[in-house]
Visitor: 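Below are the structure tokens for one structure; questions will follow.
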Number of protein chains: 2
Amino acid sequence: MHVRTLCLGALALGDASGYEIKKLFEEGVFSHFSEASFGSIYPALTKLTDDGLLTCQAHSQEGRPDKKVYSLTELGRKTFQEALFQPIQPDKYRSDFLFSLVFANQMPAARISEILNNKLEELKEELKRIEAGGGVSKAPSGDLVKEFGAHVTVSMIEFLEKNRSRIEALGCETETRSRTPCEAIG
Amino acid sequence: MHVRTLCLGALALGDASGYEIKKLFEEGVFSHFSEASFGSIYPALTKLTDDGLLTCQAHSQEGRPDKKVYSLTELGRKTFQEALFQPIQPDKYRSDFLFSLVFANQMPAARISEILNNKLEELKEELKRIEAGGGVSKAPSGDLVKEFGAHVTVSMIEFLEKNRSRIEALGCETETRSRTPCEAIG
DNA sequence: AACTTCATGTAACGAGTTACATGATTAT
DNA sequence: ATAATCATGTAACTCGTTACATGAAGTT
């Protein structure tokens, strides 16, 4: 899904500025399953406006750039509606954590523990953010998406905690990283 | 994580050709949490060999290009070991499915059902592939990664099935997509 | 004093995907 | 017959990120 469609979706929840849309991807509803940076949002908003999918109202402010609040036009709303009927791309889950875990037998137990604890902490913080999630209420389906995220996150935490000792037991005996298996053999 | 590191990891599980590495990302151990295409794997392998991290042995075959089997050099193994000690990037979960679900109230119930059923089918097939997963056994930690994937996938399926009626109830009354909310008002 | 928040925008750069080029063999 | 599998490789292209430019107000 392109940034343009993501922006259209953000604005379908209510008028907003580029800065506010960014926050939606950083801390808001969308933060757990999508992302977008200023470098992609601002040009997208400009293009969308040029194409007649958005209108823009500039609110002048003192000491900072005008706040440009964007709204969907009829065409913009229709275009987004149509996007909702397009085939949905399969989800993508990219995890350097799991990738590393495949090589647990090449790591000292201490490193595995470290990775595991970091991950667990990351997951717990994400869970907090999901449950706090204030911006979610804008859409009636927000609660559901929130619950889904919480459910999955909890299930990851549970698995990792239940299998902690098993995971740590995979580590090799190597005490420092300078002593690689190859060197140990040679 | 760059393709180069991913390739190094793939080869840490055993010597392989570019074609075989691709399969690892398509159906093998890595398929559920990472991906890479030929267009990135082949150049990466060439570069890695130029840099002395890999050696390459060409096996000539009839009627097809030489099969080039790559192996990690000492330097390659060491470099990968070091990568395992680098800070791990947070996981990224991109879901057009959840994004769409936020706008369930702008879809007719039939479309929601369709999306939900597709997703459920996708998840069930993924679960099958995870449980089948033959290539996983190469690493001792393969089972664990496999179980993690299965656990999370099952938890997603459960949530979606338990909440099916609740999700479908979010839909709007609009029967066809040509009758958008805006048009209904006007 | 230093950092965070608010606020927009651009340009260079990076990294990977898609599509193309080539072609025999095997399974349906 | 038709499609899939095996097998490598390149070039154009897409898309987005990172970093920079600018700067005031409020917070620690």
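Remember, it's a predicted structure, so these values are computed and weren't measured experimentally. Here is how names work: the chains are called A, B, and so on, in the same order as the sequence lines, proteins then strands, and each is numbered from 1.
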Visitor: Rounded to the nearest 0.5 Å, how far apart are OH of A:Y70 and CG of A:L45?
Guide: 4.5 Å
Visitor: In whole angstrom, give the distance that lies between atom NZ of B:K47 and atom P of D:dG9.
Guide: 16 Å
Visitor: Distance check needed: D:dC6 C1' versus B:Q61 CD, whole Å only.
Guide: 8 Å
Visitor: Which is true for B:S17 with a 4.0 Å heavy-atom rule: it touches a base, it touches only sugar-phosphate, or it touches nothing?
Guide: sugar-phosphate
Visitor: Is the backbone of B:L127 close enough, under 3.5 Å, to the side chain of B:T153 for a donor and an acceptor to pair up by distance?
Guide: no
Visitor: Using whole Å, report how far CG of A:L48 lies from P of D:dC15.
Guide: 14 Å
Visitor: Think A:S37 has a side-chain N or O under 4.0 angstrom from the OP1 or OP2 of D:dT17?
Guide: yes
Visitor: Measure from the side-chain heavy atoms of B:S40 and tell me the nearest of D:dT8, C:dG9, C:dG16.
Guide: C:dG16
Visitor: Any side-chain N or O of A:Y19 under 4.0 Å from OP1/OP2 of C:dT8?
Guide: no
Visitor: Report the distance from atom NZ of B:K67 to atom P of D:dC6, rounded to the nearest whole Å.
Guide: 9 Å
Visitor: In whole angstrom, what separates A:K92's NZ from C:dG16's P?
Guide: 13 Å
Visitor: Less than 4.5 Å apart, any side-chain heavy atom of B:I41 and any of B:Y19?
Guide: no
Visitor: What is the distance, rounded to the nearest whole Å, between atom CD of A:E27 and atom C1' of C:dC6?
Guide: 12 Å
Visitor: Find the distance B:I41:CD1 to D:dT10:P and express it as a whole number of Å.
Guide: 14 Å
Visitor: What does the B/S/- profile of nucleotides 19-28 of chain D look like, 5' to 3', with a 4.0 Å heavy-atom cutoff to protein?
Guide: -----S----
Visitor: Applying side chain to side chain donor-acceptor pair (under 3.5 Å) as the test, list every pair that has at least one member in residues 107-119 of chain A; sequence neighbours left out.
Guide: A:R111-A:E114, A:S113-A:E168, A:N117-A:R164, A:K119-A:E122, A:K119-B:D91
Visitor: Does the pair A:K162/B:E147 count as a salt bridge with the N-to-O cut at 4.0 Å?
Guide: no
Visitor: Aromatic rings B:F33 and A:F99: how do their planes relate, parallel, tilted or perpendicular, breaks at 30° and 60°?
Guide: perpendicular
Visitor: Of B:T46 and B:K23, whose closest DNA chain D nucleotide lies nearer the 5' terminus?
Guide: B:K23
Visitor: If the plane angle is over 60° it's perpendicular, under 30° parallel, otherwise tilted; pick one for A:F80 and B:F103.
Guide: perpendicular
Visitor: In whole Å, I'd like the distance from the CG atom of A:D66 to the P atom of C:dC6.
Guide: 17 Å
